[in-house]
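None of these values were measured; they are calculated from a predicted model. The analysis underlying the following values was restricted to heavy atoms, covering all of them including side chains, and did not include hydrogens, waters or symmetry mates.
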Amino acid sequence: MGARNHPVYRVVAADRRSPRDGKCIEELGTYHPSRSGQKFDLKMDRVDYWLSCGAQPSETVASFIHKIRKAAAEVEETPSA
């Protein structure tokens with residue numbers, strides 16, 4: 001996906017037996033490596049569902065999940081005025 005020199009990658013849940021570029025079960029988000037700031041968007045409720053079903057994220061997607069959870073924990077820790 002994307003355009004020349006501006007790639008966009010889909011984060012998907014896929015069956016292990018399907019080919020790399022084959023049919024996916026569900027699209028969970030996107031990754032924009034050329035964007036500044038927030039480079040990825042994930043539907044965390046669906047990510048949590050698939051992880052509870054035994055899905056194994058790639059190293060890159062696992063780092064995205066870790067960053068989102070860390071940011072959410074920091075938001076919860078900051079006291080509101």
Side-chain angles (χ1 to χ4, degrees):
M1 290 179 51
R4 181 180 294 184
N5 297 324
H6 297 287
V8 175
Y9 300 99
R10 294 183 299 163
V11 178
V12 299
D15 190 352
R16 176 182 297 192
R17 297 168 290 192
S18 66
R20 179 180 57 99
D21 292 333
K23 185 178 178 184
C24 67
I25 299 172
E26 181 178 356
E27 185 173 338
L28 303 175
T30 56
Y31 170 51
H32 304 265
S34 59
R35 186 191 289 177
S36 61
Q38 183 74 8
K39 295 185 179 214
F40 49 87
D41 303 312
L42 292 177
K43 301 174 192 170
M44 285 306 293
D45 60 330
R46 297 306 297 165
V47 169
D48 291 335
Y49 167 76
W50 284 110
L51 291 175
S52 70
C53 290
Q56 298 176 351
S58 67
E59 289 181 23
T60 304
V61 174
S63 71
F64 297 161
I65 294 169
H66 177 73
K67 288 177 185 177
I68 289 173
R69 290 196 173 139
K70 184 177 178 182
E74 290 175 357
V75 169
E76 290 178 5
E77 290 178 2
T78 57
S80 56

Quick check: do [X] and [Y] have side-chain heavy atoms less than 4.5 Å from each other?
X: S18; Y: K23; result: no
X: V8; Y: R35; result: no
X: L51; Y: P57; result: yes

Fill in the blank from the handout: So the ring-ring contact (aromatic ring centres under 6.0 Å, His included) pairs with at least one residue in residues 38-69 (sequence neighbours excluded) are Y31-F64, F40-F64
Exercise for the section: Tell me, yes or no, whether the heavy-atom count around R46 atom CZ, taken from other residues, nucleotides or ligands under 6.0 Å, exceeds 12. Expected result: yes
Handout entry: Shortest non-hydrogen separation from K43 to E27 and the atoms involved
Key = NZ-O, 3.5 Å
Problem - Hphob cluster co-occupancy, Y9 + V12, side-chain heavy atoms under 4.5 angstrom - result: no
Problem - Same apolar cluster (I L V M F W Y, side chains within < 4.5 Å links), I68/L28 - result: yes
Rounded to the nearest 0.5 Å, what's the gap from [atom1] on [X] to [atom2] on [Y]? Could you check?
X: R69; Y: M44; atom1: CZ; atom2: CE; answer: 4.0 Å
X: D48; Y: I65; atom1: CG; atom2: CD1; answer: 7.5 Å
X: H32; Y: H6; atom1: NE2; atom2: NE2; answer: 12.5 Å

Problem - Partners meeting side chain to side chain contact (heavy atoms under 4.5 Å, CB included) with S36 (sequence neighbours left out) - result: none
